[in-house]
Visitor: 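Below is a structure I'd like to ask you about.
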Amino acid sequence: MLGELRAVVGDDHVFDGRGSSYVVDWTGRFRGHTDVVVRPGSVDEVREVLRIVRAHGRALVVQGGNTGLVGGGVPLNGEVVMSLTRMNRVGEPDVTTRQIEVEAGATLEAVQRAATTVGLRYPVDFGSRGSATIGGTIATNAGGVNVMRYGSTRVQVAGLEAVLADGSVVSTMAGLMKDNTGYDLRGLMCASEGTLGVVTRAVLRLVPAHEVRETVMVGCASVDDALDVVATVCGASEAIDAAELMSRRGVDLVADVVGAHRPFDAEWYLLIESSTSDRSDGTLARLLAGRDLVAVADTPARRDALWRLRDEHTASIATLGVPLKYDVTVPLRSMAEFVRVARQEVAAMDPRAEIIFFGHAADGNLHVNVVGADHDHHGAYDSAVLGAVSRFQGSISAEHGVGVAKRDWLHLSRSADEIAAMRAIKQALDPDGILNPNVLLPSEPTA
Ligand code: 2HG
Ligand code: ZN
């Protein structure tokens, strides 16, 4: 198999992955092994690689920037790793259609930069933008900080090309605004986590880059107080891009780890950002006038400093050890109660375990990081946190995907009928089960 793969992609792009960064996830929680990493440089090479891997009875895990947080890109059982980072071309943004054509291995940041050159913006954004690749963001339907205004990755995908398990190609790269011809194969690939096909290219939607931006940090007494602020600003302005919630513990930790300055001390923090083309607006500062603990970023450096307190959460939490990560949505009305219940249940399990919350307030999306927990008992923590999510009628995966981490909890968010329908799709498109076999669907059929 190695010889055949080398003949397709070249000697330099097939190597033994043992001990490499390709076998472990960013958090260090999920570790696998592989004797083959292959790096194709074109869609035709992807097709050939799939054909060869399949002919040799092997399975395949697709990897981009390897920034996933649910173990979805790890060759847990010795699968071949196919890395798409060589396929990183970014086309010229089209200002008329407001679209850009990119290859799957391009980083999120490269796409954002290209959009900026013509006064446009790619609205998906999150902390690992410099390494995360577009293919991974599509495969996980990544969210991030601007979903409240622009929607998740799925909404931005105007066209897509993917290679299926048998080497056939499905493509909607014309990026048509209107196209009602049958099943939405493009939509199906979003959040499929590499189980249905290998995304190789996409046409992405761009939005205007509004030049007037306001960024403020607001101190809040409670989660409900923070949600009241969100409701107030969102009710009065259509220009809100982001409303990020952080706890005192999280902000203190980041300030410590990166040596940053906190604008004030508060139980909870909200980082709110708006952008508009209307210079007379000034909405955020006006809407928050009269509140205590409001820091307005009046310079770009000040804005970067406030965002740093948010963006550095994941890396700062990692300095406390490998966390158990949960990425959940709960209805806004239940968010405060969920925080209380989750905190209580984790404390009851082990007083040394600590729970840190942050997230995207307007989406009801909380990142629940449990540090200091005994990973041998992760099932009990999963059950406590995800069980509470389910009782509040939330989702066990808001934006990171199900991956390995949550596959056995899928029934908390999807009915048996829905899981059966997903299995039927998987069976139809990948009958031999060669594409990312360790993720998404539960290991045993649910009754
Ligand atoms: C974020 O919002 C990411 O920063 C990562 O989704 C969340 O580290 C996490 O738990
Ligand atoms: Zn997030």
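Just so you know, ligand 1 is whichever comes first in the structure, and atom 1 is the first atom listed for that ligand. What you see below is based on every heavy atom in this structure, not just the backbone, and it leaves out hydrogens, waters and symmetry mates.
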Visitor: Test L204 against every option in T137, L160, V102, V124 by the side-chain contact (heavy atoms from CB on, under 4.5 Å) rule and name the one that passes.
Guide: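 That would be V102; it is the only one of T137, L160, V102, V124 passing the side-chain contact (heavy atoms from CB on, under 4.5 Å) with L204.
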Visitor: Touching ligand 1 at all, E399? Heavy atoms, strictly under 4.0 Å?
Guide: yes
Visitor: Without hydrogens or angle criteria, can the side chains of H210 and T276 be said to hold a donor-acceptor pair below 3.5 Å?
Guide: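 No, no side-chain donor-acceptor contact under 3.5 Å.
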Visitor: When the ring planes of F264 and Y269 are compared, do they come out parallel, tilted or perpendicular, using 30° and 60° as the limits?
Guide: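 Answer is parallel, since the angle falls under 30°.
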Visitor: With no hydrogens and no angle check, just 3.5 Å: does a side-chain donor-acceptor pair link N438 and E79?
Guide: yes
Visitor: How about H367: does one of its N, O or S atoms come closer than 2.8 Å to the Zn ion (ligand 2)?
Guide: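 Here the distance criterion (N, O or S atom, under 2.8 Å) is met by H367, so yes.
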Visitor: K325 heavy atoms, cut-off 4.0 Å: which ligand 1 atoms fall inside?
Guide: 8 (O), 9 (C), 10 (O)
Visitor: Which atom, counting only N, O or S, brings E399 closest to the Zn ion (ligand 2)?
Guide: OE2
Visitor: With atoms numbered from 1 as shown, which atoms in ligand 1 lie under 4.0 angstrom from a non-hydrogen atom of H367?
Guide: 1 (C), 2 (O), 3 (C), 6 (O), 7 (C), 10 (O)
Visitor: At under 4.0 Å between heavy atoms, is it the side chain or the backbone of H400 that contacts ligand 1, or both, or neither?
Guide: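 Under 4.0 Å from ligand 1, H400 contributes side-chain atoms alone.
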Visitor: Identify the closest protein heavy atom to atom 1 (C) of ligand 1: which residue and atom is it, and at what distance?
Guide: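 Result: R310 NH2, 3.3 Å.
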Visitor: Would F358 count as a contact residue for ligand 1, given that I'm defining contact as a non-hydrogen atom of the residue lying under 4.0 Å from a ligand atom?
Guide: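 A heavy atom of F358 does come that close to ligand 1.
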Visitor: Return the closest protein heavy atom for atom 5 (C) of ligand 1 as residue, atom name and distance.
Guide: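 Looking at atom 5 (C) of ligand 1, the protein heavy atom closest to it is T314 OG1, 3.4 Å.
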Visitor: Going by the atom numbers of ligand 1, which of them fall below 4.0 Å from some non-hydrogen atom of H360?
Guide: 2 (O)
Visitor: Could you check whether the rings of F338 and F357 sit parallel, tilted or perpendicular, using 30° and 60° as the cut-offs?
Guide: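 Aromatic pair F338/F357 classed perpendicular.
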Visitor: Tell me whether the centres of the aromatic rings in H360 and H367 are closer together than 6.0 Å.
Guide: yes
Visitor: For ligand 1, does I317 get within less than 4.0 Å through its side chain, its backbone, both, or neither, judged by non-hydrogen atoms?
Guide: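 Near ligand 1, I317 shows nothing, with every heavy atom at 4.0 Å or more.
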Visitor: Whether the D241 and S275 side chains hold a donor-acceptor pair (N or O, under 3.5 Å, no angle test) is what I'd like checked.
Guide: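 Judged by distance alone, the side chains do pair up.
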Visitor: Return yes if a side-chain donor-acceptor contact under 3.5 Å exists between T85 and R39, otherwise no.
Guide: yes
Visitor: Which bit of N369 is near ligand 1, meaning a heavy atom under 4.0 Å away: side chain, backbone, both or neither?
Guide: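 Contact part for N369 vs ligand 1: side chain (C-beta onward).
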